[in-house]
Amino acid sequence: MPNPAFRSFSIGVSSVNVSPWGSQKSASKQRYAENQTERTIMKTKLSAAVAASTLICGAATAETWDMPMAYPASNYHTENAQEFADAVKACSGGELEIVIHAGGSLFKGGEIKRAVQLGEAQIGERLLSAHANENAVFAYDSVPFLATSFEASDTLRDAAAPTLSGVLADQNLTLLYSVPWPPQGLYFSKPVASPDDMKGVKFRAYNAITARVAELAGMVPTQIEAADLKQALATGVVSSMISSGSTGVDESVWEDMTNFYDVKAWLPRNTVFVNKDAFDGLPENVQTCVTDEAQKAQTRGTEKAASLAGGFIDTLAGNGMTVGAPTEAVSAKLVEIGGVMTAEWLETTGDQGKAIVDAYKAE
């Protein structure tokens with residue numbers, strides 16, 4: 001009997017067969033191999049550019065990095081990154097300037113990671129769980145009901161850091177920091193009192209994990225990036241989603257949806273990474289500046305997320321949405337889904353996933 005994790009879900013107007021956790025080894029190795037030629041070309045160009053500038057200038061000059069981000073300038077993740085960029089410019093004495101490109105203006109969300117891998121941008125932020133089909137380790141933060149509070153999310157982040165850093169290094173990326181979203185809740189355009197009320201509902205998925213949640217609940221998932229969400233809601237392409245209160249406020253979802261259920265499914269993280277070649281090419285003092293400020297950004301961003309979480313939900317309610325906990329029947333269904341998906345993730349990630357969960361539970 002086929003594994004249900006490999007059923008198809010809708011992405012835009014097409015349908016593909018996909019595992020929510022991808023393949024830990026084969027997919028990532030294939031993607032890695034495909035990138036080698038492009039990476040070699042980019043490295044050659046980068047080396048030539050550096051050599052040329054050294055010959056022309058005869059001395060080190062200030063360096064500018066582009067940092068594409070998927071979310072709007074007003075989002076706390078973007079604001080936090082801007083503080084990080086300003087701090088790096090200050091502590092590097094102007095040797096490194098990071099320019100923020102918010103709202104998918106330079107690269108769309110799905111393009112950011114690859115752009116940084118290839119050196120088309122030097123640094124970027126991405127919801128790594130959206131790349132779980134490359135390597136299931138990227139979804140460590142989105143295993144349903146594994147870590148459901150800010151404290152637990154931080155513990156899980158630390159447990160996963162050694163493994164995640166290794167996976168990123170193999171893709172020419174260096175891990176800098178990550179910041180959580182508030183706990184994920186369920187949004188609907190109608191009241192949902194039982195699991196049957198979810199069946200057939202058009203569901204916005206932002207990665208294969210959320211698509212799998214929808215499948216197991218009997219909903220119909222469609223992949224929608226953050227920049228396209230408002231239009232998708234307004235035009236009825238989707239009428240439900242799982243996301244944080246922050247997203248709901250950013251998108252004024254009360255204009256199109258009526259109910260928010262605070263299920264606290266998980267706390268996905270936006271991760272900031274840098275092109276390894278670009279980072280390694282920095283002077284040692286500037287590298288230290290970047291990593292020190294990255295740690296400060298991680299702490300600052302997490303504190304900001306925690307302080308905003310309750311206010312986001314209050315804003316949803318204040319704009320007319322019905323806000324509350326799910327019914328017992330819906331909660332039981334969600335716990336069942338969480339059990340299935342945890343087992344699937346551990347099966348796919350093997351020893352790496354087990355090491356992450358074991359380290360997390362040991363804390």
Side-chain angles (χ1 to χ4, degrees), residues 2-22 109-110 127-133 136 138-139 141-146 148 181 183-226 228-245 247-248 251 253 256-268 326-327 329-345 348:
N3 186 335
F6 290 84
R7 287 187 283 182
S8 63
F9 68 92
S10 172
I11 301 181
V13 296
S14 64
S15 179
V16 301
N17 292 318
V18 66
S19 163
W21 310 117
L127 189 79
L128 279 182
S129 60
H131 298 277
N133 283 335
F138 289 145
D141 59 343
S142 299
V143 179
F145 305 105
L146 179 60
T148 59
W181 291 92
Q184 302 289 279
L186 280 167
Y187 291 84
F188 288 94
S189 297
K190 66 176 184 178
V192 172
S194 74
D196 286 343
D197 293 330
M198 296 189 284
K199 292 180 178 178
V201 172
K202 293 179 289 185
F203 182 91
R204 177 253 175 159
Y206 58 77
N207 57 22
I209 296 92
T210 50
R212 180 63 171 149
V213 170
E215 281 187 335
L216 291 171
M219 296 186 282
V220 181
T222 299
Q223 183 84 9
I224 304 290
E225 287 289 345
D228 303 317
L229 177 56
K230 185 62 181 174
Q231 182 178 3
L233 291 171
T235 57
V237 172
V238 292
S239 58
S240 64
M241 64 179 182
I242 188 166
S243 196
S244 68
T247 300
E251 304 297 338
V253 297
D256 305 291
M257 308 180 97
T258 58
N259 292 76
F260 176 78
Y261 297 97
D262 191 16
V263 301
K264 293 182 171 61
W266 64 84
L267 286 75
T327 64
V330 172
S331 292
K333 181 63 176 179
L334 294 175
V335 169
E336 175 189 318
I337 290 172
V340 170
M341 294 187 65
T342 299
E344 291 175 348
W345 185 75
T348 304

Quiz prompt | Verdict with supporting geometry, Leu229 and Thr247, side-chain contact (heavy atoms from CB on, under 4.5 Å) | solution = CA-CA 10 Å; Leu229 177 56; Thr247 300; 3.8 Å; yes

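Inter-residue side-chain proximity for Trp345 and Ile209 is flagged as unmet; no heavy-atom pair is nearer than 4.5 Å. Taking the side chain as every heavy atom from C-beta outward, Thr210 and Pro221 never approach each other to under 4.5 Å. At least one side-chain heavy atom of Leu233 sits less than 4.5 Å from a side-chain heavy atom of Val253. Inter-residue side-chain proximity for Trp181 and Leu127 is flagged as met; some heavy-atom pair is nearer than 4.5 Å. Side-chain contact between Phe145 and Ile337 is absent, with no heavy atoms from C-beta onward closer than 4.5 Å. Between Val213 and Trp266, the closest side-chain pair of non-hydrogen atoms falls below 4.5 Å.
The distance from atom CG of Leu216 to atom CG of Leu334, rounded to the nearest 0.5 Å, is 10.5 Å. Note that CE of Met241 and CD1 of Ile224 are 11.5 Å apart. Values are rounded to the nearest 0.5 Å. Once rounded to the nearest 0.5 Å, the distance linking CE of Met257 with CD of Glu251 reads 11.0 Å. To the nearest 0.5 Å, atoms CZ (Phe260) and CG (Leu186) are separated by 8.0 Å. One distance of note links OG of Ser142 with CE of Met341; it measures 8.5 Å at 0.5 Å rounding.
Ala136 and Thr348 make their closest contact through CB-CG2, 3.8 Å (heavy atoms, listed as atom of the first residue, atom of the second, distance). Closest non-hydrogen pair, Pro191 versus Asn259, comes out as N-OD1, 3.4 Å. A pairwise comparison of heavy atoms in Asp262 and Pro326 identifies O-CD, 4.3 Å as the closest pair. Contact between Arg204 and Ser243 at its shortest, heavy atoms only, is NH1-OG, 4.3 Å. When all heavy atoms of Val201 and Asp197 are compared, the pair lying nearest together is CG2-O, 3.6 Å.
A side-chain donor-acceptor contact under 3.5 Å links Tyr187 to the backbone of Ser244. Listed for the Gln184 side chain is no donor-acceptor partner under 3.5 Å among the backbone atoms of Lys264. A donor-acceptor contact shorter than 3.5 Å is absent between the side chain of Lys202 and the backbone of Thr222.
Atom NZ of Lys190 is surrounded by more than 12 heavy atoms from other residues, nucleotides or ligands within 6.0 Å.
Applying the side-chain hydrogen bond (donor to acceptor under 3.5 Å, both in side chains) test to residues at least two apart or on different chains, the pairs with a partner in residues 229-242 are Lys230-Glu255, Lys230-Asp256.
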